Amino acid sequence: MRSGQTRLAIDYGSADTTAVLAWPDGTWTPLLFDGEPALPSAVLLSEDGTTVTGHHAWRAAPATPHRFIPHPRQPSEQRLTVADTDVDPLDLVAATLRHVAEQAHQLAGTGIDDVRLVVPAGWGPRRRTWMRHAAHRAGLPPPQLIDAPTAVAGHLLATGLQLPVGAYIAVCDVGATAEVSVLRRGPAGFEVLATLADPTAGGTAIDDALTTTLTTNPPATGGQRWAMAASLRAGKHALTDHPAVTVPLPDAPAVVLHTGLLDQAAQPVLHRIAHLTTEAITAAELTPRDLTGVYCVGGTARLPLLAKTLTDAGITPTLVDQPTLAAARGAADTGATNTTDPTTTDEPIPPVRRAAAIALPGFASLALVSQFLLTPQWRGSLMYREAILNWGELTMAAVFAVIACLSAGTVLASTIANRTTTPTSPGTHTGTGILAAASLGVAVSGMYAVVGSLYVGYPVNSFLRWTLLPITPTITAAAVMALIATRQWRTPAGGWSKLLAFPTGSVITAAAGMLLIQYSLTADRWPHLLLWIDLAGRAGGLLLGIGTVMAVVSQPILRLILSAPLAVITAALVSWPASGILGAIYAIAVTTWWLRQMWTHLLRPHQPQQ
């Protein structure tokens, strides 16, 4: 008996379950079930109420097919009807976990207090809680849940793979179903950037296609169906070591199964897996060239045709050693590589150049509000003077103040999240920073209105209308993003500070445009300079239009296409009556940018969680 705390890691899959025992000295051993490392997850409910698990369930299935459940892992809210009896899938999963626990106690010879359960990365809180309840019902101590791709990545590190901090990898987990995840290695562990799953792209779909290929009679039903499925499963696994095997079929002549037939049946499924892998990489906003490697695990990953199919799709795969045990081994060793919960993934430290995202809109805001206050146009006599003001310039000063505050809040929150040692999500820090920064931006905009009112000597109502109303949609969008950041379980690629870094090119261009516009509206109108002053205003309108497009559109080609018509329109609008409209147009563009970033993070990178 080895000394030290024994760790039990269980990878409960849709079709098969594997488990590993590990010790602090680095030794480990897989659990064997009837001499095999994979325990079928299938269960059978006998007439006396007992539950038969694993290989025994498959052997008994032909005799009592109506009591056989090949895939007990169901959605947490789903109920099953077996032999006219409602059954809780939780009890079925617990039966398999109990079988694993009994085998682990026999091998370890001592109690096991450290249990890790591997779960799909796409599972949400409800299904994770459901899995914890299954472990409790099986008599296991409270388990630590570890995402399957994170466990595989930990296994790769433990086996000597060199992955520098900041490297991206993809894990293609192909068992009975398929799940592809893209991860980034951070200073504190691995972070799942995107994960996509397809229950119809895996070993079960290949088995169904193989059954259709090998049988010419109507599909088998009842006990024949499960007897045929068991024979084909065994034959498919045997092809990894033999070019051809004879597969007995119930009530039919035996057939010869060879790699050509298997490839024919598997090809459509493997093409779907390749497409799923490409989609996952795209969802993480990466390309295959950005990845250090694509690593395949799971029983179906051993098919040679999978590597060829991925290669044809422009992806170079690597088959992980012992692919069916990789997740369980990684989960057993995760204490040495990543013991953090998925909600505590690290937030990259914002680079120093992000300071420009704070300084530029801040200085632009001060320049615009200063010009606004110093260049009002007065009409009338001393007793009844009327000020003509560029309300659009005041609006843009308020908008840039909000941008500067939000950029500062996001960068500071990202830095604090990276430095803190408390178990708090980076998104929580970011959400708090966004809300605090939004409040500061509103306060600064209100201050602009009050100072302008006192300086010009006009009621504050008009000033508040042109500072607070235009920024209200942006503040609302920022508040929603703060809620998303707080509730999300992962950090976006590159960190929150990168996702929420407003384009500085738009700030520079739009601010320069409004400064030129105000100059053209307020400059002394000497006859010999009139043409040049007017041209300066039109140029400012062009720059403001270009800056607006740069805020809304990121693709260079689209920017070029859209900038021309909008710049012409904004240049034509340059005048005292339309100055407020120009500022409102840019405020709308800033709100649109926030909504686009929200769309990018909330919808594109994520698969809906169950």
Side-chain angles (χ1 to χ4, degrees), residues 10-18 38-43 58 69-78 80 89 92-93 96 117-124 126-128 130-131 134 145-152 170-182 192 194-212 229 232-233 236-237 262 265-281 283 294-303 305-306 309-310 317 319-320 323-328 330-331 606-610:
I10 305 172
D11 181 9
Y12 182 89
S14 178
D16 293 301
T17 298
T18 57
L39 171 70
S41 300
V43 297
W58 272 100
I69 305 98
H71 306 293
R73 197 176 76 181
Q74 304 289 338
S76 55
E77 70 281 357
Q78 185 169 330
L80 291 176
L92 307 181
V93 175
T96 300
L117 283 180
V118 177
V119 296
W123 276 17
R126 184 165 48 191
R127 297 205 70 175
R128 291 170 186 266
W130 182 82
M131 199 65 185
L145 300 190
I146 301 170
D147 289 345
T150 303
V152 173
V171 174
C172 185
D173 190 348
V174 191
T177 60
E179 181 183 73
V180 182
S181 303
V182 180
V192 179
T195 183
L196 296 176
D198 188 345
T200 65
T204 300
I206 295 176
D207 291 344
D208 293 341
L210 198 57
T211 301
T212 303
L232 290 178
R233 276 168 52 96
K236 186 180 69 172
H237 293 160
L262 180 58
Q267 192 170 25
V269 178
L270 300 184
H271 277 295
R272 173 55 187 150
I273 294 172
H275 184 63
L276 194 70
T277 304
T278 303
E279 287 181 326
I281 296 172
V294 177
Y295 300 94
C296 300
V297 296
T300 308
R302 292 180 295 190
L303 295 179
L305 185 59
L306 175 61
T309 305
L310 290 173
L319 179 63
V320 176
T324 57
L325 290 173
H606 282 291
Q607 175 189 7
Q609 295 185 351
Q610 300 178 355

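As a basis for the values below, the full set of heavy atoms in this structure was taken, side chains included, without hydrogen atoms, waters or symmetry mates. Source: prediction; values computed, not measured.
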Looking at [Y], is its backbone amide N or carbonyl O close enough to the side chain of [X] to form a donor-acceptor pair, meaning the two atoms are under 3.5 Å apart?
X: Thr150; Y: Ile146; result: no
X: Thr177; Y: Gly202; result: no
X: Asp198; Y: Thr200; result: yes
X: Arg302; Y: Pro323; result: no

- Message: By the definition side-chain contact (heavy atoms from CB on, under 4.5 Å), identify the one residue from Leu319, Leu270, Thr300 that meets it with Leu306.
- Response: Leu270

For a quick test of reading the model, state the closest non-hydrogen atom pair linking [X] to [Y] and the distance between them.
X: Ala280; Y: Ala194; value: O-CB, 3.7 Å
X: Ala274; Y: Thr309; value: CB-CG2, 3.9 Å
X: Ser181; Y: Val192; value: CB-CG1, 4.5 Å
X: Gly298; Y: Thr324; value: C-CG2, 4.1 Å
X: Ser14; Y: Pro72; value: O-CD, 4.5 Å
X: Ala265; Y: Pro268; value: O-CD, 3.7 Å

Is [Y] close to [X] at the side-chain level, that is, under 4.5 Å between some pair of heavy atoms?
X: Pro317; Y: Cys296; result: yes
X: Arg73; Y: Arg127; result: yes
X: Cys172; Y: Ile273; result: yes
X: Val93; Y: Trp130; result: yes
X: Leu310; Y: Thr277; result: yes
X: Val119; Y: Arg128; result: yes
X: Leu303; Y: Ile206; result: yes
X: Leu92; Y: Ile69; result: yes

Atom [atom1] in [X], atom [atom2] in [Y]: separation rounded to 0.5 Å?
X: Tyr12; Y: Leu117; atom1: OH; atom2: CG; value: 11.0 Å
X: Gln267; Y: Leu305; atom1: CD; atom2: CG; value: 6.0 Å
X: Asp11; Y: Thr18; atom1: CG; atom2: OG1; value: 4.0 Å

- Classify the side-chain pair Ser41/Thr17 by whether it contains a donor and acceptor separated by less than 3.5 Å. yes

- Task: May I have the step-by-step check of side-chain contact (heavy atoms from CB on, under 4.5 Å) for Asp173 and Val152, ending in yes or no?
- Result: CA-CA 9 Å; Asp173 190 348; Val152 173; 5.6 Å; no

- Message: Assess the residue pair Glu179 and Val171 against the criterion (side-chain contact (heavy atoms from CB on, under 4.5 Å)); give the C-alpha distance rounded to whole Å, side-chain angles, the decisive distance to 0.1 Å, and a yes or no.
- Response: CA-CA 8 Å; Glu179 181 183 73; Val171 174; over 6 Å; no

